[in-house]
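Have a look at the structure below before the remarks.
Computed over heavy atoms, backbone and side chain alike; hydrogens, waters and symmetry mates excluded. Chain naming here is simple, since letters A, B, ... match the order of the sequence lines and numbering starts at 1 in each.
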2 protein chains.
Amino acid sequence: MKILENIEKKIKMTPQRAAILKYLEGNTSHPSAEDIFESVRKKYPMISFTTVYNTLQTLKDLDRVRELNIDDERKRYDPNVNLHHHLICNNCKKIVDIFIDFPLDISEEEAQGYTISCRHVEFYGLCPKCRKTKNKGQGNRNRD
Amino acid sequence: MKILENIEKKIKMTPQRAAILKYLEGNTSHPSAEDIFESVRKKYPMISFTTVYNTLQTLKDLDRVRELNIDDERKRYDPNVNLHHHLICNNCKKIVDIFIDFPLDISEEEAQGYTISCRHVEFYGLCPKCRKTKNKGQGNRNRD
DNA sequence: TGTTATATTGTAATGATTACATATTATACT
DNA sequence: AGTATAATATGTAATCATTACAATATAACA
């Protein structure tokens, strides 16, 4: 399901929300709240950071956005809520999707009494760009 | 390798560090910095939060501790640096270990040019205790 | 068009983590 | 054992992401 699909029926549509939704629709860059804020601000300079967080919360509640904890510095958001996994660059923090259905079933005993609701595989490594420029004093976050 | 093994040869040993190391050795509770601070403080009331963070940084640099991003509220630390995965309760944030070697190899194409250095599977769910007490206004972090 | 619930904004608060300057101390070398 | 010194501990302040809140504005619906 697309993030925008039928969303106007679920939430009150405002120009700010429309701009955030437009930015997120089909976006595979796994933006942080700040990324979203900075991008939307170009068209709506009056938008508030709080609105970005509020909208993300609303979208999370409606399962239209997934919050990722893979970046140790900030939360990242993914409008693709279908099952998939992620690969992050330890240097620039660029995240890419991994669409593989790994066998991750575990027994009840292994689950130690927990009821499991979801699974996520995180791959950590170095992206092609950072591998090339390693050992040159780099350490900057990706800003594609 | 145990966390304490040969560690005195690598770092300057102090009573504070010894207390932190003792707390971490064999600890499977995946404590936060605050957990460590509060526990160590019982014996060493003068210990500083900064010392806890500094020591954790030192241990990370020496690969004696692994920093976990699985809890969205705070970083958690694991003295077991051998390959394993984790299961977290969405309610109380209690984390348990999963010692299963899942097949997680991906092709070069699937890695999209990244050099992969490690893999981590995160399971999310509800622990037995929280499942029982659900819908009773609970929402509290685990404090075993 | 008016009403009203809901959203937006700006600012302030919070909470985790880091930076920094000063005081202390473990270690190595006489 | 005594001392030098490089590393560590401490306390406080700063930073950064995120959340709380109160006042204002507005989309949706009658």
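In this model, the phosphate group of C/dT25 is not approached by any side-chain N or O of B/Q16 to a distance below 4.0 Å at OP1 or OP2.
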Tell me, for nucleotides 23-30 of chain D in 5' to 3' order, what letter each nucleotide earns: B for a base near a protein heavy atom under 4.0 Å, S for only sugar-phosphate near one, - for neither? ---BBS--
Could you walk me through whether B/R74 and B/D35 satisfy the salt bridge (Lys or Arg N to Asp or Glu O under 4.0 Å) test, starting with their C-alpha distance in whole Å, then the side-chain angles of each, then the deciding distance to 0.1 Å, before giving a yes or no? CA-CA 11 Å; B/R74 48 180 51 74; B/D35 293 333; over 6 Å; no
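Rounded to an integer number of Å, the gap from CG of B/D72 to P of D/dA17 is 16 Å. One atom, CZ of A/F49, and another, P of D/dT18, lie 8 Å apart when rounded to the nearest Å. Rounded to a whole Å, the OH atom of B/Y44 is 18 Å from the P atom of D/dT8. Here the C1' atom of nucleotide D/dA9 and the CG atom of B/L21 are 15 Å apart, to the nearest Å. Straight-line distance from the CZ atom of A/F37 to the C1' atom of C/dT9: 11 Å, rounded to whole Å. One interatomic measurement links the two molecules: CZ of A/R17 to P of C/dT9, which rounds to 11 Å at whole-angstrom precision. Taking atom CD of B/Q57 as the reference point, atom P of C/dT17 lies 12 Å away to the nearest angstrom. Between B/N69 atom CG and C/dA16 atom C1' the separation is 13 Å, expressed in whole Å.
By the 30° and 60° cut-offs, the orientation of the rings of A/H30 relative to A/H86 is perpendicular.
Between A/K22 and A/E25 there is no salt bridge, since no side-chain nitrogen of the basic residue lies less than 4.0 Å from a carboxylate oxygen of the acidic one.
Checking B/N69 against B/H120 by side-chain atom types alone, no donor-acceptor pair falls below 3.5 Å.
Mapping A/N54 and B/T50 onto DNA chain C via the closest heavy atom, the residue that lands nearer the 5' end is A/N54.
For B/K60, the NZ atom sits in a packed shell: over 12 heavy atoms of surrounding residues, nucleotides or ligands are nearer than 6.0 Å.
Which of D/dA17, D/dG11, C/dT8 sits closest to the side chain of A/Y53 comes down to D/dA17.
In this structure, B/R17 contributes its side chain and B/K12 its backbone to a donor-acceptor pair below 3.5 Å. A donor-acceptor pair under 3.5 Å is absent between the side-chain atoms of A/R64 and the main chain of A/L21, judged by distance alone.
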